S.K.: 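Structure in structure tokens, see below.
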Amino acid sequence: MIAFVSGQVAALAPTTAVIQVGGVGMALQCTPATIAGLRIGEDVRLATSLVVREDSLTLYGFADDDERQVFELLQTASGVGPRLAQAMLGVHSPDALRLAVSTGDEKALTAVPGIGKKGAQKLLLELKDKLGTPLGSSGLVGAQRVAAGPAPWTEQLTAALIGLGYASREAEEAVGAVTPQAEAALAETGAAPVPQLLRAALQTLNRAR
């Protein structure tokens, strides 16, 4: 198993980071939040999880070991593969997922694309004794702040666009362009789907150029 990758960031895409390791570019599938923290040319260390299939080898990258561990624990639940596990971490931090499971917060799980009401109920049962309690003492306070404060998706999306090489002004304009889409999703599910918003923002920027 490849536990981590350490090297220079060679390229970034909405869901992929290419890290140069010993003259080899390794492509890692990452959440938008992880991508947002990377800059081309900088040295990084990302925790990784290798998923082996009959027809593919996929390396998933994470900001830290805790995120990687939660990614792997999520897949112990029936019906949860690596893509859904990554989608869950794309919407919620590891501690937010622990909080949701420990408090039986069905709505938090249905905010993840691909998880319906019945699926959320099943996951809450299966994961209850696996994820444990939030590690941060301010986990509950943080969750309440996210729910009540300014939409965090705007900062996350702006950081991701800047990390991909766009200027702050371009990033802010793109965020403004997808705000109606984000608000509609918030009204319907209570969460903004950052990966989809990032793709929509990139389409807006490409049209502008």
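Keep in mind the model is a prediction, meaning the values are calculated, not measured. Basis for what follows: all heavy atoms, side chains included, without hydrogens, waters or symmetry-related copies.
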S.K.: Tell me whether Glu42 contacts the main-chain N or O of Leu38 through its side chain, where contact means a donor paired with an acceptor under 3.5 Å.
M.R.: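 Not confirmed, Glu42 side chain does not pair with Leu38 backbone.
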
S.K.: Could you tell me whether Lys107 atom NZ has more than 12 heavy atoms of other residues or ligands within 6.0 Å of it?
M.R.: no

S.K.: Is any NZ, NE, NH1 or NH2 atom of the basic residue among Arg169 and Glu173 found under 4.0 Å from an Asp or Glu carboxylate oxygen of the other?
M.R.: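 A salt bridge is present here (some side-chain N lies under 4.0 Å from a carboxylate O).
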
S.K.: Which heavy-atom pair separates Gly61 from Leu28 by the least distance, and what is that distance?
M.R.: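 Looking at all heavy atoms of both residues, the shortest contact is CA-CD2, 3.7 Å.
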
S.K.: Find the distance between OG1 (Thr34) and CG (Leu12) and round it off to the nearest 0.5 Å.
M.R.: 11.0 Å

S.K.: Where is the tightest heavy-atom contact between Ala77 and Glu126, given as atom of each residue plus distance?
M.R.: CA-OE1, 3.2 Å

S.K.: Determine, for Asp64 against Arg45, whether the closest basic-nitrogen to carboxylate-oxygen distance falls under 4.0 angstrom.
M.R.: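 Arg45 and Asp64: not salt-bridged.
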
S.K.: If Ile, Leu, Val, Met, Phe, Trp and Tyr residues are connected whenever their side-chain heavy atoms lie under 4.5 Å apart, and connections chain through other members, are Leu46 and Phe62 in the same group?
M.R.: no

S.K.: Would a hydrophobic clustering, with Ile, Leu, Val, Met, Phe, Trp and Tyr connected at side-chain separations under 4.5 Å, put Leu99 with Val91?
M.R.: no

S.K.: State, to 0.1 Å, how close Pro82 and Arg53 come at their nearest heavy-atom pair, and which atoms those are.
M.R.: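 It is CD-NH2, 3.3 Å.
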
S.K.: Counting distance only, does the side-chain N/O of Thr16 pair as donor-acceptor with the main-chain N or O of Ala13 below 3.5 Å?
M.R.: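 No, the answer is negative, given that no donor and acceptor are paired below the 3.5 Å cut-off.
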
S.K.: Please check this pair: side chain of Arg68 against backbone of Ala47, looking for a donor-acceptor N/O pair closer than 3.5 Å.
M.R.: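 No: the side chain of Arg68 does not pair with the backbone of Ala47.
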
S.K.: Between Leu59 and Val18, is there a shared hydrophobic cluster once you connect ILVMFWY residues whose side-chain heavy atoms come closer than 4.5 Å?
M.R.: no

S.K.: Measuring from Glu106:CD to Leu123:CG, what's the distance to the nearest 0.5 Å?
M.R.: 10.5 Å

S.K.: Quick one, Leu74 and Leu97 - any side-chain contact, counting heavy atoms below 4.5 Å?
M.R.: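 Side chain of Leu74 against side chain of Leu97, heavy atoms only: contact under 4.5 Å found.
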
S.K.: What are the two closest non-hydrogen atoms of Leu197 and Ala182, and how far apart are they?
M.R.: CD1-CB, 3.7 Å

S.K.: Report yes or no: does Gln86 contribute a side-chain atom to a donor-acceptor pair with the main-chain N or O of Gln29 at less than 3.5 Å?
M.R.: yes

S.K.: Evaluate the criterion side-chain hydrogen bond (donor to acceptor under 3.5 Å, both in side chains) for residue pair Thr158 and Glu172; output intermediate values, then yes/no.
M.R.: CA-CA 6 Å; Thr158 300; Glu172 290 171 2; over 6 Å; no

S.K.: Mind listing the closest non-hydrogen atom pair of Leu202 and Pro14 along with its distance?
M.R.: CD1-CG, 2.9 Å

S.K.: CZ/Arg98 to OG/Ser93 distance, rounded to the nearest 0.5 angstrom?
M.R.: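 If we round to the nearest 0.5 Å, Arg98:CZ and Ser93:OG are 8.5 Å apart.
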
S.K.: Using a 3.5 Å distance criterion without hydrogens, assess whether the side chain of Thr48 forms a donor-acceptor pair with backbone atoms of Ile2.
M.R.: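 Yes, Thr48 side chain to Ile2 backbone: donor-acceptor pair under 3.5 Å.
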
S.K.: Go through Thr31 and Glu67 one step at a time and tell me if the side-chain contact (heavy atoms from CB on, under 4.5 Å) criterion holds.
M.R.: CA-CA 11 Å; Thr31 65; Glu67 191 175 39; 4.2 Å; yes

S.K.: Apply side-chain hydrogen bond (donor to acceptor under 3.5 Å, both in side chains) to residues Lys128 and Ser102 and explain how you reach the verdict.
M.R.: CA-CA 6 Å; Lys128 188 172 184 179; Ser102 63; over 6 Å; no

S.K.: Would a 4.5 Å heavy-atom cut-off, applied to side chains only, mark Leu157 and Leu198 as touching?
M.R.: yes

S.K.: In the single-linkage hydrophobic clustering (I, L, V, M, F, W, Y; side-chain heavy atoms under 4.5 Å), do Val5 and Tyr60 co-cluster?
M.R.: no

S.K.: Please determine whether side-chain contact (heavy atoms from CB on, under 4.5 Å) holds for the pair Gln69 and Leu73, giving the CA-CA distance in whole Å, both sets of side-chain angles, and the decisive distance to 0.1 Å.
M.R.: CA-CA 6 Å; Gln69 182 181 22; Leu73 286 172; 4.1 Å; yes

S.K.: Supply the atom-to-atom distance Arg83 CZ to Thr15 OG1, rounded to the nearest 0.5 angstrom.
M.R.: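 Atom-to-atom, Arg83:CZ and Thr15:OG1 are 8.5 Å apart.
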
S.K.: List the atom of Pro94, the atom of Val70, and the distance in Å for their closest heavy-atom pair.
M.R.: CB-CG2, 3.8 Å

S.K.: Roughly how far, to the nearest 0.5 Å, is the CZ atom of Phe71 from the CG atom of Leu89?
M.R.: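 Rounded to the nearest 0.5 Å, the CG-CZ separation comes to 8.0 Å.
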
S.K.: Could you give the distance from NZ (Lys130) to CD (Glu72), rounded to the nearest 0.5 Å?
M.R.: 13.5 Å

S.K.: Keeping Arg39 on the side-chain end and Ala36 on the backbone end, is there a donor-acceptor pair under 3.5 Å?
M.R.: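 Yes.
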
S.K.: Evaluate Gln8 against Val21 for side-chain contact (heavy atoms from CB on, under 4.5 Å), listing each step before the verdict.
M.R.: CA-CA 7 Å; Gln8 189 177 85; Val21 182; over 6 Å; no

S.K.: Between Ile40 and Val44, is there a shared hydrophobic cluster once you connect ILVMFWY residues whose side-chain heavy atoms come closer than 4.5 Å?
M.R.: yes

S.K.: Is there a side-chain contact between Leu124 and Leu109, using heavy atoms and a 4.5 Å cut-off?
M.R.: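 Yes, their side chains come closer than 4.5 Å.
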
